[in-house]
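Predicted model, so just to flag it, every value in this text is computed and none were measured. Letters A, B, ... are given to chains in the order of the sequence lines, protein chains preceding strands, and every chain is numbered from 1.
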Protein chains: 2
Amino acid sequence: MPIHKEKPVLDCPFRETLDVLEGKWKFAIIHSLLHHGTLRFKNLERDVAGITSRMLIKELKLLQVHGIVLRRPYPTVPPTVEYSLTECGRSLEPVIEAIQAWGVQNRAALAAKIN
Amino acid sequence: MPIHKEKPVLDCPFRETLDVLEGKWKFAIIHSLLHHGTLRFKNLERDVAGITSRMLIKELKLLQVHGIVLRRPYPTVPPTVEYSLTECGRSLEPVIEAIQAWGVQNRAALAAKIN
DNA sequence: CCGCATCCAACAAGATACTG
DNA sequence: CAGTATCTTGTTGGATGCGG
């Protein structure tokens, strides 16, 4: 059990957003869900290259709590669970797109420097 | 000394960008430098609320290596060092702006839900 | 003032094996 | 398939002290 720790809770929308999206995987998860719409747990795990099921579960739970991800379990055998973005989650699209665009642009800039 | 570990180096501009910006402080540092243009080390440390000088140095070094931050030391006594964004660093402005915008919008959405 | 080094505790993340 | 449990490793970050 982690010790309770007072977070100063900066009154700053920028830092609040960073708190919600902190960690190594959240951007990648949101990116994948934006692209695919809805994914089952296993497919999401395959799409987010390198993640383990342990971390995926953890991150998905946090994203659920913040109202960014929606979890839909079906009472089938074997179990089926689908994950998708909420409307709030989809409103992160400009952020994801900006990161994607910078990645493409930056890669081009690096390639140009070599020549 | 950390053991050297092969990174699979995903051929994906999005994940490459995440690698460059990973960690707890890089977005906040870039945000501050975008806002202020140029800052001395001490002022940057004050502006990035909560960071320690140890972490600030670490993050700045990584950002330098990736060509995002420029370090300008002056041979004065006591020493003066100014940090600013390179052109490549300034090209991250859309990313920072998108995060900022989402923070503002999301805070408004949360406030609306309470009423 | 700027930056680095060391020791150390707390936590995040990885690997692996396992259950309903 | 979806999710858990446990063990191990790595990173974060505080405290402190030192050198240019």
Does a side-chain N or O from [X] land closer than 4.0 Å to OP1 or OP2 of [N], or not?
X	N	result
A/Arg40	D/dA2	yes
B/Tyr83	C/dC1	no
A/Trp25	C/dG14	yes

Rounded distance in Å - [atom1] ([X]) to [atom2] ([N]):
X	N	atom1	atom2	result
B/Asn43	C/dG3	CG	P	12 Å
B/Leu44	C/dC1	CG	C1'	14 Å
A/Phe41	D/dG3	CZ	P	6 Å
A/Glu22	C/dA12	CD	P	8 Å
A/Ile51	D/dG3	CD1	P	13 Å
A/Lys42	D/dA2	NZ	P	7 Å
A/Ile57	C/dA12	CD1	P	17 Å
B/Met55	D/dT16	CE	C1'	17 Å

Could you check A/Arg54 against A/Pro79 and say which one's nearest nucleotide on DNA chain D is further toward the 5' end?
A/Pro79
For A/Phe14, check ring-ring contact (aromatic ring centres under 6.0 Å, His included) against everything at least two apart and list the hits.
B/His31
Ion pair check, B/Lys24 and A/Glu22, cut-off under 4.0 Å
no
Under the side chain to side chain donor-acceptor pair (under 3.5 Å) rule, collect the residues that match up with B/Gln105, sequence neighbours excluded.
none
Report the residues that fulfil side chain to side chain donor-acceptor pair (under 3.5 Å) with A/Ser32, sequence neighbours left out, ordered by chain and then residue number.
A/Asp47
Stem finding on DNA chain D, please: runs of three or more consecutive Watson-Crick or G-U wobble pairs, both distances under 3.5 Å, sorted by first number.
C:3-20 with D:1-18
Which part of the nucleic acid, if any, lies within reach of A/Gly23 when heavy atoms closer than 4.0 Å are counted: base, sugar-phosphate only, or nothing?
sugar-phosphate
Nucleic acid contacts of residues 58-72 of chain B, taken as heavy-atom distances under 4.0 Å to DNA chain D
none
Please list, one pair per line, the donor and acceptor atoms closer than 3.5 Å that link side chains of residues 63-72 of chain B to other protein atoms, with sequence neighbours excluded.
unit_1	atom_1	unit_2	atom_2	d
B/His66	ND1	B/Leu62	O	3.0
B/Arg71	NE	B/Tyr83	OH	3.4

Contacts of type side-chain contact (heavy atoms from CB on, under 4.5 Å), residue A/Ala49, not counting sequence neighbours
B/Leu10, B/Arg15
Closest to the side chain of A/Lys24, out of D/dC1, C/dA13, C/dA15, is C/dA13
Closest non-hydrogen atom pair, A/Gly37 against A/Ser84:
O-CB, 3.4 Å
Minimum-distance pair of heavy atoms, taken over all atoms of B/Pro13 and A/Val104
CB-N, 3.7 Å
Upstream residue (5' side of DNA chain C) when A/Pro78 and A/Thr52 are each assigned their closest nucleotide:
A/Thr52
Listing request: all salt bridge (Lys or Arg N to Asp or Glu O under 4.0 Å) pairs with a residue in residues 83-98 of chain B, at least two apart in sequence or in separate chains.
none
Listed pairs under 3.5 Å, donor-acceptor, residues 38-45 of chain A side chains, sequence neighbours left out:
unit_1	atom_1	unit_2	atom_2	d
A/Arg40	NH2	A/Pro79	O	3.4
A/Arg40	NH2	A/Thr80	OG1	3.3
A/Asn43	OD1	A/Arg46	NH2	3.2

